[in-house]
Amino acid sequence: MPFGYASPEQIMRDKADYARKGIARGRSVVVLQYVDGILFVAPNPSRALHKISEIYDRIGFAAVGRYNEFEELRLGGIRYADINGYTYDRSDVTGRGLANLYASNLGRIFTESIKSLEVEVVVAEVGETKDGDAIYRLTFDGSVFDEHGFAAMGGQAEAVAGRLKERYRESMSLADALEVALTALTEPGGERPPVAQLEVAVLDRNREHRKFLRLTGARLERLLAQTTQPPASPPPASESSPESPESPEPPSKGSAGSSGSSGDTPPPTGPEGPVDDGSSPL
C-alpha cells in the first residue's frame, strides 16, 4: 500500500498519465472500412507476436501497448465468444457484447488496481452490408468509442487520425484503403515500412463462414504494387512522331539559298579579309 494521502482525483490522473505514456511508446494501428469489409494495418517487425487477431467468425481484434496485457484480453474474448456461441447461437456473439466485456474488465482494473493496463483495443465486426459494420475503440480506463469509418490508436494517434480524416472516403477499394492507411501511418517526408514489417488483415464480408483473412507474402506484395503503380504517361513528342522534321536553322551569313533574292537578306558573298566598320580603335 502506498504511504501518505492522495486525493482520488490525483490517483486517477497519475494512473491515466502512466498508461498514456506506455501506450504512446508503441507504434500506431489503423482500422478502417472499405467497400467489402474492414481493414487492419499495423507496422510490426515481429512475425510471432501479433497485434491483429481473429476473435470469432466475423469479429476482429487489434491492440497496442504491452503485449502480455492485451494478449490476456484477447484470450478472454475468445473464451467468451466460444462459450456464448456454443451455449446459445453463433449469431448471439456480437462485437458490441465483446466491447462491453472488455470495457467492464478495463474499468475495474483501472479503478481497483494500483497499476492500470497499458493497452488500447479495437473490436471490429463486419456485417452483411456496410451499414452493419461496427468499430469500437476501448481505452485503458474502460471508455468505449463507437468509431465511424476509421480508428487510430497508439503512438502518434492524433496525428495519424488527422491524416486519415483528410484522405478517407467511403466505399474505397481494398487497394485504395491500404494506400490511405499507409499514408496515414507514415510521417510526412518519412519512409514507409517494408513489406516484411507490415501486419495486414481484413474482415471480408464476401468470404464464406470465417471472414477474417491475413494478407501476407505475395498476396500483400501484389496489393501494394497496385497502390504504388505510377499512372501511365503519354510518350514524348519526339517518340510519337520520329519522322517529324526538325526546325530549320537560319541560313548562315555566307551560305547561298533561295532567299538570296530578297532585299532583307545579305548578299551570298562578301569581301575577303576583315571588314572595317569604324568601331576598331586606331
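Sequential numbering from 1 along the given sequence is applied to the chain's residues. Quick note: numbers below take in every heavy atom, side chains included, and nothing from hydrogens, waters or symmetry partners.
Among the candidates L178, L198, L174, the single residue satisfying the side chain to side chain contact (heavy atoms under 4.5 Å, CB included) test with L215 is L174.
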(message) Does L185 form a side chain to side chain contact (heavy atoms under 4.5 Å, CB included) with V30? I'd like the steps, not just the answer.
(response) CA-CA 8 Å; L185 288 169; V30 166; 3.5 Å; yes
(request) Using the side chain to side chain contact (heavy atoms under 4.5 Å, CB included) rule, take H50 and I52 through it: C-alpha gap first, then chi angles, then the decisive distance, then the call. (result) CA-CA 5 Å; H50 295 297; I52 301 167; 5.7 Å; no
(request) Check the pair L224 / L182 against side chain to side chain contact (heavy atoms under 4.5 Å, CB included), numbers first and verdict last. (result) CA-CA 10 Å; L224 289 172; L182 292 177; 3.4 Å; yes
(request) Could you give me the CA-CA distance, side-chain angles and deciding distance for D17 and R20, then say whether salt bridge (charged side-chain N to carboxylate O under 4.0 Å, His left out) is met? (result) CA-CA 5 Å; D17 292 341; R20 289 192 187 98; 3.5 Å; yes
(message) Is there a side chain to side chain contact (heavy atoms under 4.5 Å, CB included) between M12 and T111? Walk through the geometry before answering.
(response) CA-CA 8 Å; M12 295 300 177; T111 305; 4.2 Å; yes
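Scanning both residues, E147 and A151, for their nearest heavy atoms gives CG-CB, 3.7 Å. Across G149 and I135, no two heavy atoms sit closer than the pair O-CD1, 4.2 Å. Smallest separation of non-hydrogen atoms from Y34 and A177: CB-CB, 3.8 Å. For T139 against L106, the heavy-atom pair with the smallest separation is O-CD1, 3.4 Å. In this structure, F40 and A124 approach most closely via the heavy-atom pair CZ-CB, 3.7 Å. Here the closest non-hydrogen pair linking V29 and A63 is CG2-O, 4.1 Å.
Of the inter-residue distances, the one linking S53 atom OG with L75 atom CG reads 9.0 Å to the nearest 0.5 angstrom. Atom OG of S171 and atom CG of D176 lie 11.5 Å apart (nearest 0.5 Å). Between the NZ atom in K51 and the CD atom in E71 there is a gap of 13.5 Å [rounded to 0.5 Å]. Separation of atoms CZ (R13) and OG (S7) is listed at 6.5 Å; rounding is to 0.5 Å. In this structure, the separation between CG on L164 and CZ on F150 is 5.5 Å, given to the nearest 0.5 Å. Within the model, atoms CG of L49 and CZ of F70 stand 8.0 Å from one another, a figure rounded to the nearest 0.5 Å.
Taking the charged nitrogens against the carboxylate oxygens, D141 and K15 have no contact shorter than 4.0 Å, which rules out a salt bridge. A salt bridge between K130 and D133 is absent, with no side-chain N of the basic residue lying under 4.0 Å from a carboxylate O of the acidic one. With respect to E54 and R214, no salt bridge is recorded, no charged nitrogen being found less than 4.0 Å from a carboxylate O. Under 4.0 Å is where a charged nitrogen must lie from a carboxylate oxygen, and between R163 and E166 no such pair does. Salt bridge status for E69 with K115: present, with a side-chain N to carboxylate O gap under 4.0 Å.
For R205 (side chain) and G127 (main-chain N/O), a donor-acceptor pair under 3.5 Å exists by modelled atom type. With hydrogens and angles disregarded, no donor-acceptor distance shorter than 3.5 Å links the side chain of E120 to the backbone of I23. No donor-acceptor pair closer than 3.5 Å links the side chain of D204 to the backbone N or O of G37. When atom types are taken as modelled, the side chain of T183 and the backbone of E179 share a donor-acceptor pair closer than 3.5 angstrom.
Between F212 and R207, the closest side-chain pair of non-hydrogen atoms is not below 4.5 Å. Residues V93 and L98 fail the side-chain proximity criterion, which asks for heavy atoms closer than 4.5 Å. By the 4.5 Å heavy-atom criterion applied to side chains, R74 and I55 are counted as neighbours. Contact annotation: the side chain of R219 approaches that of L213 to within less than 4.5 Å [non-hydrogen atoms, C-beta and beyond]. Inter-residue side-chain proximity for R27 and P45 is flagged as met; some heavy-atom pair is nearer than 4.5 Å.
Checking S91 against D89 by side-chain atom types alone, a donor-acceptor pair falls below 3.5 Å. There is no side-chain donor-acceptor pair under 3.5 Å between S113 and R108. Under 3.5 Å, the side chains of D36 and N206 contain a donor-acceptor pair of N or O atoms. No side-chain donor from either of Y56 and E125 sits under 3.5 Å from a side-chain acceptor of the other. Side-chain contact check for D14 and Q10: at least one donor-acceptor pair (N or O, by modelled atom type) lies under 3.5 Å.
A single hydrophobic cluster is seen to contain both V41 and V180, as judged by linkage of ILVMFWY side chains at heavy-atom distances under 4.5 Å, directly or through other members. Clustering ILVMFWY residues whenever any of their side-chain heavy atoms sit less than 4.5 angstrom apart, transitively, puts I78 in the very cluster that holds Y67. L203 and L220 fall into different hydrophobic clusters, where Ile, Leu, Val, Met, Phe, Trp and Tyr side chains are chained together by heavy-atom contacts under 4.5 Å. Residues L32 and V126 do not share a hydrophobic cluster, defined by chaining ILVMFWY side chains whose heavy atoms lie under 4.5 Å apart. Hydrophobic clustering of Ile, Leu, Val, Met, Phe, Trp and Tyr side chains at less than 4.5 Å, counting indirect connections, keeps V121 apart from L39.
E72 CD: 12 or fewer foreign heavy atoms inside a 6.0 Å radius.
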